[in-house]
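Below: one structure, written as structure tokens.
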Amino acid sequence: MAASLFPLLVLARISGLTVAALVISWALLYKSSFLPHSSSPQDLVYAVLHPLLMVIGFILISGEAILVHRWLPGSGNLKKSVHLCLQGVALGCGIFGVWTKFQGRDGIVANFFSLHSWMGLVCISLFGAQWLLGFLNFWHRGEARTVRMKVLPWHIFVGLYTYGLAVATAETGLLEKLTFLQTNRNVSKRSTETIVVNSLGLGLALLSGIVTFVAVFPKRHSKIMYSESDTKFLSS
């Protein structure tokens with residue numbers, strides 16, 4: 001791990017813990033905000049699980065999987081294994097998080113009408129396809145090196161794009177929820193809950209910027225263009 005990245009990795013962890021604390025506080029301290037009508041305790045559980053799974057399970061864990069290549073010591077195969085496992089956990093949390101929205105009393109269609117819901121489905125689909133290709137590539141290593149090197153930049157691009165899309169989807173969800181609360185439930189624009197939700201959105205924006213910067217930060221500073229040895233680092 002480059003010494004210059006250490007402060008950024010620490011900041012990424014602090015940002016991640018802050019985001020986790022904010023989303024947990026929101027879900028536990030403002031339970032009534034997740035129940036637009038009088039609903040059963042089971043509906044409340046599903047409503048609260050959705051932000052917890054999508055933010056902590058999907059975004060935070062997938063971000064940690066991206067950072068693995070920058071801080072984890074050991075061989076390239078070890079880093080790939082940990083990266084693949086963490087992304088698998090994130091994918092499972094994401095799928096389960098989407099599944100909770102299918103359990104609403106209003107039905108499936110009622111929960112998939114907004115930009116937030118459409119972006120979420122696209123994001124989960126891309127993430128699942130990306131993970132499956134990574135899984136197949138990990139277990140089938142007989143491909144020619146030239147083919148793998150050509151695919152690698154696309155794997156990195158799609159991975160970072162999907163991570164950014166997940167954060168953007170979460171931001172639209174927070175905006176949608178806060179707008180609903182302020183319009184239909186008379187939540188003040190300067191209330192404590194509003195501050196918590198807005199802080200959560202800012203925390204996610206900061207975290208995504210740090211994770212993306214660390215992921216694309218060049219290993220060598222003396223060269224403008226990547227050499228084959230630099231690309232070998234990315235492939236690990």
Side-chain angles (χ1 to χ4, degrees), residues 7-37 39 43-67 90 93-94 96-98 100-101 104 106 110-124 126-127 160-215:
L8 289 174
L9 290 170
V10 172
L11 185 57
R13 299 296 166 43
I14 294 174
S15 300
L17 290 174
T18 302
V19 166
L22 285 170
V23 72
I24 291 174
S25 299
W26 184 36
L28 297 182
L29 298 179
Y30 302 95
K31 295 179 181 179
S32 61
S33 295
F34 294 90
L35 288 176
H37 340 278
S39 303
D43 291 333
L44 174 61
V45 171
Y46 287 134
V48 170
L49 275 178
H50 181 72
L52 293 177
L53 287 168
M54 302 311 291
V55 173
I56 298 177
F58 188 55
I59 294 177
L60 294 189
I61 293 180
S62 64
E64 187 62 32
I66 293 174
L67 296 177
C93 290
F96 189 33
V98 172
T100 60
K101 301 304 293 182
D106 296 328
N111 286 290
F112 291 92
F113 64 92
S114 64
L115 176 63
H116 170 68
S117 60
W118 294 354
M119 289 176 65
L121 291 176
V122 171
C123 182
I124 289 295
L126 278 176
F127 195 95
L160 291 177
Y161 173 77
T162 306
Y163 176 73
L165 182 61
V167 173
T169 302
E171 301 284 14
T172 59
L174 294 176
L175 179 60
E176 178 184 301
K177 188 68 174 180
L178 198 55
T179 301
F180 172 83
L181 292 174
Q182 293 175 348
T183 302
N184 297 332
R185 308 204 66 187
N186 298 318
V187 173
S188 171
K189 294 180 180 179
R190 293 179 176 82
S191 67
T192 305
E193 182 174 6
T194 299
I195 294 174
V196 170
V197 176
N198 286 337
S199 299
L200 175 57
L202 289 175
L204 284 170
L206 175 63
L207 177 64
S208 64
I210 297 171
V211 170
T212 303
F213 181 79
V214 172

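In this structure the side chain of Val196 never reaches within 4.5 angstrom of the side chain of Leu29, judged on heavy atoms. Using a 4.5 Å cut-off on side-chain heavy atoms (C-beta onward), Trp26 and Lys31 make no contact. Val214 is not listed as a side-chain neighbour of Ile66, based on a closest heavy-atom distance of 4.5 Å or more. Side-chain contact check for Leu181 versus Tyr30: every heavy-atom pair is 4.5 Å or farther apart. Contact annotation: the side chain of Ile56 never approaches that of Ile61 to less than 4.5 Å [non-hydrogen atoms, C-beta and beyond].
With hydrogens and angles ignored, the 3.5 Å screen pairs no side-chain donor or acceptor of Thr183 with any backbone N or O of Phe180. Counting only distance, with no hydrogens or angles, the side chain of Thr194 and the backbone of Ser188 share a donor-acceptor pair below 3.5 Å. Looking at Ser191, its side chain never comes within 3.5 Å of a backbone N or O of Val187 through a donor-acceptor pair. Within the 3.5 Å criterion, the main-chain N or O of Tyr46 finds no donor-acceptor partner in the side chain of Lys101. Judged purely by atom type and a 3.5 angstrom limit, Thr212 has no side-chain atom pairing as donor or acceptor with the backbone of Gly209.
What you find for Ile210 and Leu8 is that their closest heavy atoms are CG2-O, 3.5 Å. Listed here is the closest heavy atom pair of Gly16 and Leu60: O-CD1, 3.5 Å. Nearest heavy-atom pair, Gly63 versus Val211, reported as atom, atom and distance to 0.1 Å: O-CG1, 4.0 Å. In this structure, Phe34 and Pro51 approach most closely via the heavy-atom pair CE2-CG, 3.7 Å. The minimum heavy-atom distance linking Ser114 with Glu176 is given by the pair OG-OE1, 2.8 Å. The minimum heavy-atom distance linking Ala27 with Leu52 is given by the pair CB-CD2, 4.1 Å.
For the pairing with Val197, the side-chain contact (heavy atoms from CB on, under 4.5 Å) check across Leu175, Val23, Leu178 returns one residue only, Leu178. Partner Val122 forms a side-chain contact (heavy atoms from CB on, under 4.5 Å) with one of Thr169, Thr162, Leu165 and no other, that one being Leu165.
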**Request:** Evaluate the criterion side chain to side chain contact (heavy atoms under 4.5 Å, CB included) for residue pair Leu204 and Glu171; output intermediate values, then yes/no.
**Result:** CA-CA 8 Å; Leu204 284 170; Glu171 301 284 14; 3.7 Å; yes
**Worked check of side chain to side chain contact (heavy atoms under 4.5 Å, CB included) between Val98 and Leu121** = CA-CA 8 Å; Val98 172; Leu121 291 176; 4.2 Å; yes
**Request:** Could you walk me through whether Thr172 and Met119 pass side chain to side chain contact (heavy atoms under 4.5 Å, CB included), step by step?
**Result:** CA-CA 9 Å; Thr172 59; Met119 289 176 65; 4.1 Å; yes
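For the atom pair CD1 (Ile195) and CG (Leu202), the distance works out to 11.5 Å, reported to the nearest 0.5 Å. Once rounded to the nearest 0.5 Å, the distance linking CG of Leu206 with CG of Leu11 reads 5.5 Å. Atom OH in Tyr161 sits 9.0 Å away from atom SG in Cys123 (nearest 0.5 Å).
Aromatic pair Phe127/Phe58: ring centres closer than 6.0 Å.
In this pair, His116 and His50 present their aromatic rings perpendicular. The plane angle is above 60°, beyond the 30 to 60° band.
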